[in-house]
Amino acid sequence: MIDLKLLQKDFDATAASLIRKNVDSELINSLKTLSETLKSTKLVYESAQAAQNERSRLFGQYKKEGKNTDELKVEVDAAKAQLVDLLEAQRMAEEALEAIAMRVPNLPDSDVPDGEDENDNIELRKVLTPPTFNFTPKEHWELAEQNGWIDFERGVKLAKSRFSVVSGMGARLERALINFMLDFNRERGFMEVSVPMLVNRRALEGTGQLPKFEDDLFKVDGEELFLIPTAEVPLTNLYADEILNATELPIKMTGYTSCFRKEAGSGGRDVRGMIRQHQFHKVELVSITRADQSDAIFEEMVACASDLLLALELPHRLVTLCTGDLGFGAARTIDLEVWLPGQNTYREISSVSNTRDFQARRAKIRYKEEGKNILAHTLNGSSLAVGRTMVAIMENFQQEDGSIIMPAVLQKYL
RNA sequence: GGACAGCUGGCCGAGUGGUCGAAGGCGCACGCCUGGAACGCGUGUAAAGGGCAACCUUUCUAGGGUUCGAAUCCCUAGCUGUCCGCCA
């Protein structure tokens, strides 16, 4: 959630910032109005309550002194009825504000480039040169089927479309990648954590998937539980509702989970192959930091993901997302896109975001510094999407006969 | 799933109707002590919102109720623990 005080104090700048993220200006106006209404409603209620508290105190005193309380009781009862109404007004103002505030995205950092969509993203740099082939490189689904690594049909039989089965060397590669990534991240100071893959509504509100994006999530029937779309949700919410000691920060974590997404809005995109599945594996990085640490940790996380690709000898590029492509909770994001020779293009394989205090405000993650409670900064990044990494390995290391050479760093994991 | 017990500050824990946002301890911060530390001693220390401030409001899991007044009494829900059942 954005800082509503900032919106009240510096409306023009905050509104301009939200407009950069395509938030409707009417919505911004109503957000401001509602937050001010709440403020004045509260003021009225609180002074009425203060008067009532005083009367109650007097009542006790009268009783003790043996005075008659009949007159006071009439007064108290009258005020009580009024208080009920005032409280109700306050509650309605709160609800109205929250309904909107929880659906307003984070403010982008001032240096995030303006833009409409992914076409306006800005390439930062390329790492490694794409390989050249003296034959026409195949796409991964062809290679996967030829090598017996992935069975798309049987995945559909077991569940539905966008599910697949990985077997043989493919399954071993998947496991090797997960282990390799976790070890790599651990060596960079990220503590390994294993978390639930089902979470409650509160957790998803904390990281921003709810209330706005419920359609993208798989929900467990009859329970208030959802399958996680990313390990970012449980890892970040690990510290929800807590006040950490400043000296404990930064907390740097890595975790492997399956991820589940309905891919509701993705239409007919990437229907073939394993680029876009309902269930996929991902190793995630999450950091909880002090406000002054998040920029440095952000760079660390980007470097970690990029170096991981480098270790796997996978050509990739780093891209700064423009305002229009930025996710709901992100103040800034760098995507890592891996080269896919079969598709002759770069495709997203990792996304590293700094949400600043946006998630922390929702999830109530604070730290104490010099006696004050300060909202933490939270960051997340994939490191990496396992399925897409397998796709990249297949396409980049394919031989003319369709066989695939494994990256050297994975040897000891296979 | 069944029975019983519990849920209080960063943590532990006292508190059965007003003097309680709450004893005490731990932790933390600062100071003294020390060559430097530990120990010891002293002081401070719940959160959220509003206000320049004094101060005000709210919060003892949540929601409802009783009462002039609820951490305290009643109801419901959630969670935790223990025992039983089931089980990888």
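Below, chains carry the letters A, B, ... as their sequence lines are ordered, and counting in each starts from 1. As a basis for the values below, the full set of heavy atoms in this structure was taken, side chains included, without hydrogen atoms, waters or symmetry mates.
With P as the reference atom, B:G24 and B:G42 are 13 Å apart, rounded to whole Å. Across the C1' atoms, B:U19 and B:A70 are found 15 Å apart, a figure rounded to whole Å. Using atom P as the reference point in both B:G21 and B:U59, the two lie 11 Å apart (nearest Å). Comparing B:G64 with B:C60, their P atoms are spaced 12 Å from each other, to the whole Å. The P atoms of B:U72 and B:G17 are separated by 11 Å, rounded to the nearest whole Å. Only the P atoms considered, B:U8 is 27 Å distant from B:U66, to the nearest whole Å. Here the separation of B:A88 from B:C4, taken at their P atoms, is 29 Å to the nearest Å. B:A71 and B:A22 have their P atoms separated by 12 Å, given to the nearest Å.
Using a 4.0 Å heavy-atom distance criterion, A:Arg91 is classed as a sugar-phosphate-only contact. Contact annotation for A:Arg55: no contact, since no heavy-atom pair falls under 4.0 Å across all strands.
With no hydrogens or angles considered, no side-chain donor-acceptor pair links A:Thr257 and A:Lys282 at under 3.5 Å. A:Thr207 and A:Gln209 share a donor-acceptor pair across their side chains, judged by distance under 3.5 Å alone. Residues A:Asp183 and A:Tyr413 have side chains that bring a donor and an acceptor to within less than 3.5 angstrom of each other.
Of all nucleotides present, only B:A62 satisfies the Watson-Crick or G-U wobble test against B:U76, with each distance under 3.5 Å. Under the Watson-Crick or G-U wobble criterion, with both distances below 3.5 Å, B:A53 is left unpaired in every strand shown. Pair assignment for B:U82 gives B:A3, based on Watson-Crick or G-U wobble hydrogen-bonding distances that are each under 3.5 Å. Nucleotide B:G10 is matched to B:C26 when pairs are restricted to Watson-Crick or G-U wobble geometry with both distances under 3.5 angstrom. Remark: B:U67 base-pairs with no nucleotide; criterion is Watson-Crick or G-U wobble with both hydrogen-bond distances under 3.5 Å. Nucleotide B:G21 is matched to nothing when pairs are restricted to Watson-Crick or G-U wobble geometry with both distances under 3.5 angstrom. Figure legend. B:U34 is base-paired to no nucleotide; pairs are counted as Watson-Crick or G-U wobble with both atom distances under 3.5 Å.
When each of A:Gln52 and A:Arg57 is assigned the nucleotide of RNA chain B with its nearest heavy atom, A:Arg57 is the one assigned upstream, toward the 5' end. For the pair A:Lys5 and A:Phe59, both in contact range of RNA chain B, the more 5′-proximal nearest nucleotide belongs to A:Lys5.
Looking only at distances, a side-chain donor or acceptor of A:Ser350 sits under 3.5 Å from a matching main-chain atom of A:Ser382. Panel note: side chain A:Ser30, backbone A:Leu27; a donor-acceptor pair is recorded below 3.5 Å.
Protein chain A contacts RNA chain B over a range whose 5' and 3' limits, counting nucleotides with an atom under 4.0 angstrom from a non-hydrogen atom, are B:G10 to B:G69.
With sequence neighbours excluded, the residues satisfying ring pair (Phe, Tyr, Trp, His ring centres under 6.0 Å) with A:Phe328 are A:Phe213, A:Phe358. Judged as a salt bridge (charged side-chain N to carboxylate O under 4.0 Å, His left out), and not counting sequence neighbours, the contacts of A:Glu54 are A:Arg57. Taking the ring pair (Phe, Tyr, Trp, His ring centres under 6.0 Å) definition, one finds that A:Tyr367 meets it with nothing, sequence neighbours left out.
Between A:Leu314 and A:Phe397 there is a side-chain heavy-atom pair separated by less than 4.5 Å.
Proximity of residues 29-40 of chain A to RNA chain B (heavy atom under 4.0 angstrom from any strand atom) is restricted to A:Lys39.
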Could you list the donor-acceptor pairs under 3.5 angstrom formed between side-chain atoms of residues 155-165 of chain A and any protein atom two or more places apart in sequence or on another chain?
| residue | atom | partner | partner atom | Å |
| --- | --- | --- | --- | --- |
| A:Arg162 | NH1 | A:Arg269 | O | 3.4 |
| A:Arg162 | NH1 | A:Asp270 | O | 3.4 |
| A:Arg162 | NH1 | A:Arg276 | O | 3.1 |
| A:Arg162 | NH2 | A:Gly267 | O | 3.4 |
| A:Arg162 | NH2 | A:Arg269 | O | 3.2 |
| A:Ser164 | OG | A:Gln277 | OE1 | 2.7 |

